[in-house]
Amino acid sequence: MPSADAVHRLSPVRIRPVERGAAGVGAVYDSVVSTGNDGRMRARDIDRVHACGVLDAAYAEGQLGGEEYRERTAKASKAKTIGELARLTADLQVPAAARDLAPRGATRKPLRRGKSRAGYAGHTRARNVDRANTVRVLDGALGDGQLTAEEHEAATELASEAKTLGELGELVSDLQRAAEPSPTPPRSRRRLLFRVAVGVTAVLGVWAGYLVAGSDDSRVAATSRQTIDPNPVQPLVLPTPELNTVAGMTLFRDRYREKFGDTIVDELALHQNFASVRRIAPEGPQWSVDWNYWGGFQRPNDIITTRRAETRTVDLAILDVEAIGKVLANAPALTKVPGGVVDSIDFSVDDSGIAPGRPLVEIRVNNERGQYGRVQLTPAGEVLKVWEVR
């Protein structure tokens with residue numbers, strides 16, 4: 001939490017009322033945005049799973065803290081109605097990884113909320129990217145004399161702790177700056193897909209006409225030049241292990257070391273087919289950067305995020321992968337999740353009080369019905385706590 005001193009030092013910044021406008025994730029999921037009868041419709045298991053998927057992606061983007069994420073996921077797994085699920089995601093920006101999720105249970109047309117000029121309403125949750133963009137604006141204001149060093153320090157501290165877009169907007173509302181795009185909900189791609197389809201159809205029509213108009217002789221000549229290879233070379237397909245397995249953890253650690261020259265992370269989440277990493281930025285330990293892994297490492301953006309001075313790192317080299325693998329194999333039984341499978345493995349420094357300040361591994365198990373459980377253990381594979389099925 002930002003200190004009271006930081007708030008008092010920011011006295012020159014004027015606070016403006018937050019304009020409430022467009023909904024967040026709720027505006028995208030047609031079956032969970034209505035506040036009318038649709039909100040009272042009973043939720044299916046697949047609706048709960050989709051809501052948990054949105055929460056997973058929002059947590060990865062920094063819209064939710066660890067405790068909020070766990071609380072909302074627990075509520076989503078027990079939600080009885082579509083309206084209950086809507087309230088759990090209505091203040092979130094649409095996570096990039098969850099734009100294709102859409103519960104299909106509702107048959108009535110949902111109510112729509114009006115959009116503000118900024119696209120999302122002020123109460124919508126802020127991502128790490130939004131906080132970093134705000135810090136960048138504050139840095140520019142310091143450079144051109146709009147803020148003193150003390151004001152800049154206080155505003156930066158508040159920006160790093162801001163939870164909503166409205167809170168970030170208040171910090172820069174009285175600053176002169178070049179126009180910057182505000183985060184906006186994604187638009188439907190149906191119109192674009194229609195235009196592409198029309199264009200492709202036109203090209204195919206022209207090509208078909210050319211083939212019909214061509215002489216029989218030219219077609220025979222073209223056919224005569226074709227050769228058939230009786231022994232075609234088959235492509236060599238190398239299997240890639242799922243990342244949330246022993247083989248996947250080992251592969252990822254090796255690839256990570258090859259990429260960065262070390263095995264140090266602030267946070268790491270291994271899912272079945274991708275991973276998300278946060279590590280110290282090249283600019284210095286006061287900054288952090290995010291990386292995604294989809295068979296190769298890439299930055300999701302060019303943003304760097306303010307990093308707390310007291311942040312501790314995890315060295316993946318200390319992991320006893322074989323011991324962790326034994327817990328992985330037994331995790332569904334430990335959590336008593338019916339038909340459960342390992343969904344993800346998280347690596348971070350404990351802030352829950354179970355092992356304060358020490359590296360912690362968390363295995364998350366779920367099933368198609370939205371039930372889930374968790375196992376927390378040490379890097380050596382010692383089980384510390386088990387949360388049974390919810």
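A quick note: this is a predicted structure, and the numbers were derived from the prediction, not measured.
- The number of heavy-atom neighbours closer than 6.0 Å to CG of Asp302, taken from other residues, nucleotides and ligands shown, is 12 or below.
- Here Arg48 pairs with Asp45 in a salt bridge; the nearest charged N to carboxylate O distance falls below 4.0 Å.
- Looking at every heavy atom in both residues, Ala51 comes nearest to Leu85 through CB-CD2, 3.8 Å.
- Between the side chains of Asn133 and Arg136, not a single donor N or O lies within less than 3.5 Å of an accepting N or O.
- Looking at heavy atoms from C-beta onward, Leu377 lies in side-chain contact with Ile363 at the 4.5 angstrom threshold.
- Distance check, rounded to the nearest 0.5 Å: CG of Leu268 to OG of Ser276 gives 7.0 Å.
- Annotation: salt bridge (Lys or Arg N to Asp or Glu O under 4.0 Å) contacts involving residues 355-366, sequence neighbours excluded, comprise Glu362-Arg374.
- Taking every heavy atom of both residues into account, Ile280 and Pro285 meet most closely at CG2-CA, 3.6 Å.
- Remark: side-chain polar atoms of Tyr372 are paired, donor with acceptor, to backbone N or O of Ala74 under 3.5 angstrom.
- Between Leu158 and Glu170 there is no side-chain heavy-atom pair separated by less than 4.5 Å.
- Under the 4.5 Å side-chain heavy-atom criterion for ILVMFWY residues, a single connected hydrophobic cluster contains both Ile324 and Val277.
- Salt bridge absent: Arg127 and Asp290 never bring a charged side-chain N and a carboxylate O closer than 4.0 Å.
- Between Gly373 and Thr335 the shortest heavy-atom distance is C-CG2, 3.8 Å.
- Contact between Cys52 and Ser77 at its shortest, heavy atoms only, is SG-N, 4.5 Å.
- Contact of the Gln176 side chain with the Gln146 side chain is registered, since non-hydrogen atoms from C-beta on lie closer than 4.5 Å.
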Could you walk me through whether Val383 and Val327 pass the side-chain contact (heavy atoms from CB on, under 4.5 Å) check?
CA-CA 8 Å; Val383 175; Val327 182; 4.1 Å; yes
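- Side-chain contact check for Ile318 versus Pro359: some heavy-atom pair is nearer than 4.5 Å.
- Once rounded to the nearest 0.5 Å, the distance linking OG1 of Thr313 with CD of Glu267 reads 12.0 Å.
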Let me see the working for Arg253 and Val321 under side-chain contact (heavy atoms from CB on, under 4.5 Å), right down to the final yes or no.
CA-CA 10 Å; Arg253 184 168 59 182; Val321 176; 3.5 Å; yes
Before you tell me yes or no, could you show the steps for Glu67 and Arg70 under side-chain contact (heavy atoms from CB on, under 4.5 Å), namely the whole-Å CA-CA distance, both residues' side-chain angles and the distance that decides it to 0.1 Å?
CA-CA 5 Å; Glu67 189 61 30; Arg70 287 187 282 269; 3.5 Å; yes
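- Looking at Asp91, Thr164, Asp130 one by one, the single match for side chain to side chain donor-acceptor pair (under 3.5 Å) with Arg125 turns out to be Asp91.
- Heavy atoms only, all atoms of each residue included: Leu92 and Leu88 are closest at CD1-O, 4.2 Å.
- A donor-acceptor pair is defined here as one N or O able to donate and one able to accept, closer than 3.5 Å; no such pair exists between the side chain of Gln371 and the backbone of Asn367.
- Put simply, Tyr59 and Leu243 are part of two different groups of oily side chains (I, L, V, M, F, W, Y) that touch within less than 4.5 Å, one to the next.
- Connection of Tyr256 to Val289 is established within a shared hydrophobic cluster, with ILVMFWY side chains joined at heavy-atom distances below 4.5 Å, either directly or through further cluster members.
- Once rounded to the nearest 0.5 Å, the distance linking CG of Asn273 with CD of Glu242 reads 6.5 Å.
- A distance of 9.0 Å separates CG of Asn301 from CG of Asn292, quoted to the nearest 0.5 Å.
- Considering every non-hydrogen atom in both Leu138 and Ala159, the closest pair reads CD1-CB, 4.3 Å.
- At most 12 heavy atoms of other shown residues, nucleotides or ligands fall within 6.0 angstrom of atom CD in Glu368.
- No side-chain heavy atom of Thr263 sits less than 4.5 Å from a side-chain heavy atom of Leu319.
- Cation-pi check for Arg299 over Trp291 is met; the charged atom lies under 6.0 angstrom from the ring centroid and within 45 degrees of its normal.
- For the pair Gln63 (side chain) and Gln93 (backbone), a donor-acceptor distance under 3.5 Å is present.
- Between the side chain of Asp320 and the backbone N or O of Gly381, no donor-acceptor pair lies under 3.5 Å.
- Annotation: Arg312, atom CZ; neighbour count of heavy atoms from other residues, nucleotides and ligands within 6.0 Å does not exceed 12.
- Note that CG of Leu328 and CD1 of Ile345 are 4.0 Å apart. Values are rounded to the nearest 0.5 Å.
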Chi angles and distances behind the side-chain contact (heavy atoms from CB on, under 4.5 Å) call for Val389, Val337
CA-CA 5 Å; Val389 61; Val337 177; 4.0 Å; yes
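- Distance check, rounded to the nearest 0.5 Å: CG of Asp139 to CG of Asp144 gives 11.0 Å.
- At least one donor-acceptor pair under 3.5 Å links the side chain of Ser160 to the backbone N or O of Glu157.
- Stacking of Arg279 on the aromatic ring of Phe260 is recorded, both the 6.0 Å distance cut-off and the 45° axial limit being met.
- Distance alone, capped at 3.5 Å, places no donor-acceptor pair between the Arg278 side chain and the Asp266 backbone.
- When the side chains of ILVMFWY residues are joined at heavy-atom separations under 4.5 Å, either directly or via intervening members, Trp387 and Leu334 end up in two distinct hydrophobic clusters.
- Both Val342 and Tyr293 sit in one connected hydrophobic cluster of ILVMFWY residues. Membership requires side-chain heavy atoms under 4.5 Å apart, directly or through other members.
- Residues Trp287 and Thr305 fail the side-chain proximity criterion, which asks for heavy atoms closer than 4.5 Å.
- The closest side-chain heavy-atom distance from Pro332 to Val341 is not below 4.5 Å.
- A salt bridge (Lys or Arg N to Asp or Glu O under 4.0 Å) check over residues 325-346, counting only residues at least two apart or in different chains, returns the pairs Lys336-Glu388.
- Contact of the Lys75 side chain with the Arg87 side chain is not registered, since no non-hydrogen atoms from C-beta on lie closer than 4.5 Å.
- No side-chain donor-acceptor contact under 3.5 Å links Arg72 to the backbone of Leu64.
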